[in-house]
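Bear in mind that the values here come from a model prediction, so they are computed numbers and not experimental data.
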Amino acid sequence: MDDALESGSTMQRLVTYLSKYSPSSLAIATLLVKPSRVNIPCPQYYAYELANDDLLVGYGLPWQQRYRNLPFIATVLQGEV
């Protein structure tokens with residue numbers, strides 16, 4: 001379970017590692033999924049698939065150690081911060 005699946009490389013390493021233990025099932029659940037994520041060989045469940053790879057902040061998602069505590073999810077616009 002994760003908050004956002006961005007590139008997916010960390011999750012792919014985790015799935016590869018956990019697969020060595022031959023679990024009876026293995027799946028990924030995330031709140032947000034970015035379109036550029038890598039192909040991960042297991043079922044994926046997500047609440048929302050983003051249309052682009054914008055940088056997101058808020059609701060636990062930080063940017064440069066800031067904006068994590070926003071009570072909503074927002075997009076960081078280039079040149080605005």
Tell me the closest heavy-atom pair linking Asp54 and Lys34, and the distance in Å.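 It is O-NZ, 2.7 Å.
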What's the shortest heavy-atom distance between Ala27 and Cys42, and which atoms?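 For Ala27 versus Cys42, the nearest heavy atoms are CA-SG, 4.3 Å.
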Supply the atom-to-atom distance [X] [atom1] to [Y] [atom2], rounded to the nearest 0.5 angstrom.
| X | Y | atom1 | atom2 | answer |
| --- | --- | --- | --- | --- |
| Glu49 | Gln44 | CD | CD | 9.5 Å |
| Leu56 | Thr75 | CG | OG1 | 5.5 Å |
| Ile40 | Ser9 | CD1 | OG | 8.5 Å |
| Leu32 | Glu6 | CG | CD | 9.0 Å |

Same cluster or not: [X] versus [Y], using hydrophobic residues (I, L, V, M, F, W, Y) connected whenever any side-chain heavy atoms lie under 4.5 Å apart?
| X | Y | answer |
| --- | --- | --- |
| Trp63 | Leu50 | no |
| Tyr17 | Leu26 | yes |
| Leu18 | Ile28 | yes |
| Leu55 | Ile73 | no |
| Tyr46 | Leu31 | no |

Where the side chain of Arg68 meets the backbone of Gly60, is there a donor-acceptor pair that is under 3.5 Å apart?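 Yes; judged by distance alone, with no hydrogens or angles, the pair exists.
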So which of Val38, Thr16, Asp2 actually passes side chain to side chain contact (heavy atoms under 4.5 Å, CB included) with Met11?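 For Met11, the side chain to side chain contact (heavy atoms under 4.5 Å, CB included) test succeeds with only one of Val38, Thr16, Asp2, which is Asp2.
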